[in-house]
Amino acid sequence: MTYTITDLANEFGITHRALRFYEEKGLIEPARKGQTRIYSDRDRTRLRLIINGRDVGLTLYEIRQILDSYRKDDVTEQNRIAVEFFRRRLAAVKEQRARVDDQIDRLEEACERLAGEDIEASAPRRGSRSRQAELRTGTH
DNA sequence: GTTCTCACA
DNA sequence: TGTGAGTA
């Protein structure tokens, strides 16, 4: 089975521009009929990997390195390389989450501090006692 | 319809 | 990590 650039673009919800972009970056090398690109099932499988990798935040360069490892026959080695990239990305994403959580905490605290008195009357903060109430009574 | 290139965010 | 416009 073969596919045109529009076939795969439609199937994966990307533009034909993106497909050529991936090709330019060396992630995929479709055959040519004249000047027109002809994508094989193998190209389609690689594209699926590209999209999945992109969706979890890997760079195209990282995806290419994983794809390149598939030129080896050693499946164990392929998996080792992929896992290496996944772990690294996982650590980065978790770090991002920690920063986001910290920002949320700071913003919530600031809001409570600045507008707490007004907001509290109508919408009590979570927990049985608000921070403001604790401050007023001096208890914890 | 598909290709390529250049500018642009 | 792509998009838009213009072209052949």
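Note that the coordinates shown come from a computational prediction; the quantities given were computed from them, not determined experimentally. In what follows, chains are A, B, ... by sequence order, proteins preceding strands, each numbered from 1.
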> What is the distance from CG of D7(A) to C1' of dG1(B), rounded to the nearest Å?
Replying inline: 12 Å
> Does D73(A) CG have over 12 foreign heavy atoms under 6.0 Å away?
Replying inline: no
> Going by distance alone, is a donor N or O of one side chain under 3.5 Å from an acceptor N or O of the other, for D41(A) and Y3(A)?
Replying inline: yes
>> Using modelled atom types and a 3.5 Å cut-off, is there a donor and acceptor pairing between side-chain atoms of D43(A) and backbone atoms of S40(A)?
In response: yes
Using residues 11-19 of chain A as the side-chain source, report each donor-acceptor pair under 3.5 Å to any protein atom, sequence neighbours left out, with the distance given to one decimal.
unit_1	atom_1	unit_2	atom_2	d
E11(A)	OE1	R44(A)	NE	3.0
E11(A)	OE2	R44(A)	NE	3.0
E11(A)	OE2	R44(A)	NH2	2.8
T15(A)	OG1	R17(A)	N	3.4
T15(A)	OG1	A18(A)	N	3.1

>> Less than 4.0 angstrom from a charged side-chain N to a carboxylate O is my criterion; do E95(A) and R99(A) meet it?
In response: yes
>> Test side-chain contact (heavy atoms from CB on, under 4.5 Å) on E109(A) and E112(A); report intermediate values, then the result.
In response: CA-CA 5 Å; E109(A) 274 174 34; E112(A) 222 163 302; 5.7 Å; no
>> Between D7(A) and T4(A), is there a side-chain donor-acceptor contact under 3.5 Å, judged purely by atom types and distance?
In response: yes
> Is there a side-chain contact between L49(A) and I63(A), using heavy atoms and a 4.5 Å cut-off?
Replying inline: no
Return a table of donor-acceptor pairs under 3.5 angstrom between the side chains of residues 20-30 of chain A and protein atoms on other chains or two or more places apart.
unit_1	atom_1	unit_2	atom_2	d
Y22(A)	OH	R54(A)	NH1	3.4
E23(A)	OE1	R37(A)	NE	2.5
E23(A)	OE2	R32(A)	NH2	3.0

> Of all the base pairs, Watson-Crick or G-U under 3.5 Å, which form stems of three or more consecutive pairs involving DNA chain C?
Replying inline: B:4-9 with C:1-6
> Earliest and latest nucleotide of DNA chain C, 5' to 3', sitting under 4.0 Å from a non-hydrogen atom of chain A?
Replying inline: dT1(C) to dA5(C)
> Are I50(A) and Y61(A) connected in a single hydrophobic cluster, I mean Ile/Leu/Val/Met/Phe/Trp/Tyr linked by side-chain heavy atoms less than 4.5 Å apart?
Replying inline: no
>> Main chain of T6(A), side chain of N10(A): is a donor-acceptor contact present, judged purely on distance under 3.5 Å?
In response: yes
> Less than 4.0 Å between a side-chain N and a carboxylate O, is that true for R80(A) and E77(A)?
Replying inline: yes
> Can you list, by residue number, the residues of residues 10-39 of chain A that have a non-hydrogen atom closer than 4.0 angstrom to DNA chain C?
Replying inline: T15(A), R17(A), A18(A), F21(A), Y22(A)
> Hey, can you pull the residues of residues 46-66 of chain A with a non-hydrogen atom under 4.0 angstrom from DNA chain B?
Replying inline: none
